[in-house]
A.B. asks: 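Got a structure for you, questions after.
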2 protein chains.
Amino acid sequence: MVKARSRPGAAATTGAVTLSSVAERAGVSLATASRVLHGSGGRAVGDALRARVFAAAQQLGYVSNGPAQALARASSSVVGLVVHDVADPYFSAIAAGAMRVARAHDLMVMVAATFRDPELELEYLARLRAQRARAVLLAGSGFTDPGYTSRLAAQIEGFERQGGRVALVGQHGVPADAVLPGHREGAAEAARYLWELGHRRIAVVCGPRALETVAHRLDGIREALRGLGADLAERDVVEADFTRSGGRTATLELLRRNPGVTAILALNDLMAAGALAALREERRAVPAEVSVIGFDDLPQAADLHPALTTVRLPLEEIGERALRLILEEEPGYAPRAVPVPATLVMRASTGPAPR
Amino acid sequence: MVKARSRPGAAATTGAVTLSSVAERAGVSLATASRVLHGSGGRAVGDALRARVFAAAQQLGYVSNGPAQALARASSSVVGLVVHDVADPYFSAIAAGAMRVARAHDLMVMVAATFRDPELELEYLARLRAQRARAVLLAGSGFTDPGYTSRLAAQIEGFERQGGRVALVGQHGVPADAVLPGHREGAAEAARYLWELGHRRIAVVCGPRALETVAHRLDGIREALRGLGADLAERDVVEADFTRSGGRTATLELLRRNPGVTAILALNDLMAAGALAALREERRAVPAEVSVIGFDDLPQAADLHPALTTVRLPLEEIGERALRLILEEEPGYAPRAVPVPATLVMRASTGPAPR
DNA sequence: AAGCCTGTGGAAAGCGCTTTCCCATGCGGT
DNA sequence: ACCGCATGGGAAAGCGCTTTCCACAGGCTT
């Protein structure tokens, strides 16, 4: 005896409008409806049928089923974007650039925030892989954590074997296409500029040391100073967390520890804003007594008081280039590295060292 | 005669690791593997098998197929977030709040930027619908455009019939759960504050009039002034585009048109920053000659010079509440409206009117 | 000792779509 | 007039997963 089985598959079969209902209504086969409504698959469809199908879809209010499409095609129309923090203007700028490119390719963007946790980054990469994202842009910098690199490499490899592409901002020590911002050179230029202004007591308000970006920027400063015959003492480097309030606290600490400092190099603009605030609290004139340089040139840098001298990074362009790299080139395949130079923007927060 | 058909379905069948390969390797059925690796579906699985399956998945490097899961379950693990512009700090703050909630629910977030184009907003809503997003947060304000409302309502209805939920920030004239920021009241409070300080020539640097948010804020000012027996003349309102440079230009225009103005109310902080810049260029002292008030209280508002008096909106909280609204309540269903009050933050950019 | 749950495992029917193969046309070439 | 041969349309086999229904053990009741 054959018993009628009720829907083994799941799904609320509440008269959902599917391709087959459209086909039925238009009096054509499923195949034809598919060819008309979604990419034709290299096949032409007659005008009459074509019009009938469109009309039917319209009347029924048909909305295609993305997951089903992705399953059948074995590729979704989604790209992933992994950042440290969406509220950080550094990352929103990169995101804006990337999203422009995604739009041009008609792709949706999934954004994930890791809050600088390597584990979370890896987790999100895996989830994006599960979502069959076509490409993923790792916009946060890499971590200096040793175990991290190999696990990241493994994830990336798995992802690419699956047909996805990965782009990096900054070089994470793994083979993948990358955009390389000139952290080192930009930082070096800032340091040399300060030196030329006569500053000999230069301190650094540093970001989280676990970040590759921070290491690069710090190295740039170190090397520049060394090239000038000077040296960056450990006690002139205070670590903060890339936020304004972290920068303020660190600067206060710095001033206490080392009151003779005449120049502060903050490793991002947010912390530079905090440094400026701390200096104001401590009644130290900028730039008469202390010069301040930031990094990134966020839109708000020019509105700080005094207007912030900073190392400019074309962030939107970085996001754009990175995604282009993997979306617009066939996977034919040798990882590329595109350098993006940083430039020093001189404004009012720097001046000659006091004597 | 039966001919062997070669893979009618698509997909690179390159030894992809699927659930069934895991099951095979573990020596269990597909059903068991599914129950172990993905939600058990209310069913228990013995410990021995459970362990075997995990081990097999581990060894094979199994990554689940999200689209397939979404198809079978008729629901994805994605939420959508539609904003005007990701680089605008107003929206990044909302996004940050929303993403926190999404993370707590273990959901991925698809972000779309409309650049204030109603058509694009509708398009993205449709695409999110196609992606079978579980929920969508429309974080940009609504448009005053007449046709828009009914089309939006239709989209939302279709989306909800499909099992999705929609939340709005601001009331778009459609029935859906919404978080309602106190645009009107906050703006009114700012206007009254200026009035109390003795200002009688108050001008407004307005945002795009097509936005509901702008209409509300403007109305708040109008009503407050009317309540005080004054009136906001059309010539004292200049429209800009919510950017810093737009604010600057508009303020310059305003100053030319109406040199006697003693207070400027900018409808967001970005434009207030531009106003401050314009005033500086024109050598008008703030607040001695002209007072300035902004709106939103972005993190950078306190760093402007002088520190900006502004109407604070708890943006992260707004994003958080909005997504909570639809994710954490059963669809049992009467649209809720959660008001979120704005508060005036007095800083240094406002002072008594000059006499 | 017979009857029954209860707890576990498996078979298989879809979810909605893409795409391959095959078939019916209508057409021009020789 | 006959034979290809494009051309456009349809049938159907999956894509990888979830979930329903069934089967079968054991451990309990009565």
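This is a predicted model, so every value here is computed, not measured. Residue numbering restarts at 1 for every chain, and letters A, B, ... go by the order of the sequence lines. Note that these values count all heavy atoms, side chains included, but never hydrogens, waters or copies made by symmetry.
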A.B. asks: For the pair B/Asp177 (side chain) and B/Arg336 (backbone), establish whether a donor and an acceptor sit closer than 3.5 Å, ignoring hydrogens and angles.
C.D. replies: yes
A.B. asks: Do any side-chain nitrogens or oxygens of A/Ser34 fall under 4.0 Å of OP1 or OP2 in C/dC17?
C.D. replies: no
A.B. asks: Considering only D/dG16, C/dC17, D/dT18, which nucleotide approaches the side chain of B/Ala16 most closely?
C.D. replies: D/dG16
A.B. asks: State which of C/dT18, D/dG10, D/dG16 makes the closest approach to the side chain of A/Leu71.
C.D. replies: D/dG16
A.B. asks: Checking the side chain of B/Arg116 only, and the main-chain atoms of B/His84 only, is there a donor and an acceptor separated by less than 3.5 Å?
C.D. replies: no
A.B. asks: Give me the bend of the helix from C/dA1-D/dT30 to C/dT30-D/dA1, using the axes of the five pairs at each end, rounded to 10°.
C.D. replies: 40°
A.B. asks: Under 4.0 Å between a side-chain nitrogen and a carboxylate oxygen: does that hold for A/Glu119 and A/Arg151?
C.D. replies: yes
A.B. asks: Would you say D/dG10 has OP1 or OP2 under 4.0 Å from some side-chain N or O of A/Thr32?
C.D. replies: yes
A.B. asks: Between A/Arg134 and A/Ser76 (side chain of the first, backbone of the second, donor and acceptor by atom type, cut-off under 3.5 Å), is there such a pair?
C.D. replies: yes
A.B. asks: A quick test of your reading: do over 12 heavy atoms of other residues, nucleotides or ligands sit less than 6.0 Å from CD of A/Glu24?
C.D. replies: no
A.B. asks: For B/Ser29 and C/dG9, is the shortest distance between a side-chain N/O and OP1 or OP2 below 4.0 Å?
C.D. replies: no
A.B. asks: Hey, is the main chain of A/Val78 close enough, under 3.5 Å, to the side chain of A/Gln131 for a donor-acceptor pair?
C.D. replies: no
A.B. asks: Is any NZ, NE, NH1 or NH2 atom of the basic residue among A/Arg103 and B/Glu123 found under 4.0 Å from an Asp or Glu carboxylate oxygen of the other?
C.D. replies: yes
A.B. asks: Just compare D/dG16, D/dA11, C/dG10 and give me whichever is closest to any side-chain atom of A/Ala31.
C.D. replies: D/dA11
A.B. asks: Check each residue of residues 55-65 of chain B for a non-hydrogen atom within less than 4.0 Å of any atom in DNA chain D, then write out the ones that pass by number, or none.
C.D. replies: B/Tyr62, B/Ser64, B/Asn65
A.B. asks: Ignoring backbone atoms, test whether A/Gln69 places a side-chain nitrogen or oxygen under 4.0 Å from the OP1 or OP2 oxygen of C/dG16.
C.D. replies: no
A.B. asks: Donor-acceptor pair under 3.5 Å: do we get one between A/Arg132's side chain and the base of D/dG16?
C.D. replies: no
A.B. asks: Between A/Arg127 (side chain) and B/Asp106 (backbone), is there a donor-acceptor pair under 3.5 Å?
C.D. replies: yes
A.B. asks: Has A/Gln155 got a side-chain atom pairing as donor or acceptor with A/Leu125's backbone, closer than 3.5 angstrom?
C.D. replies: no
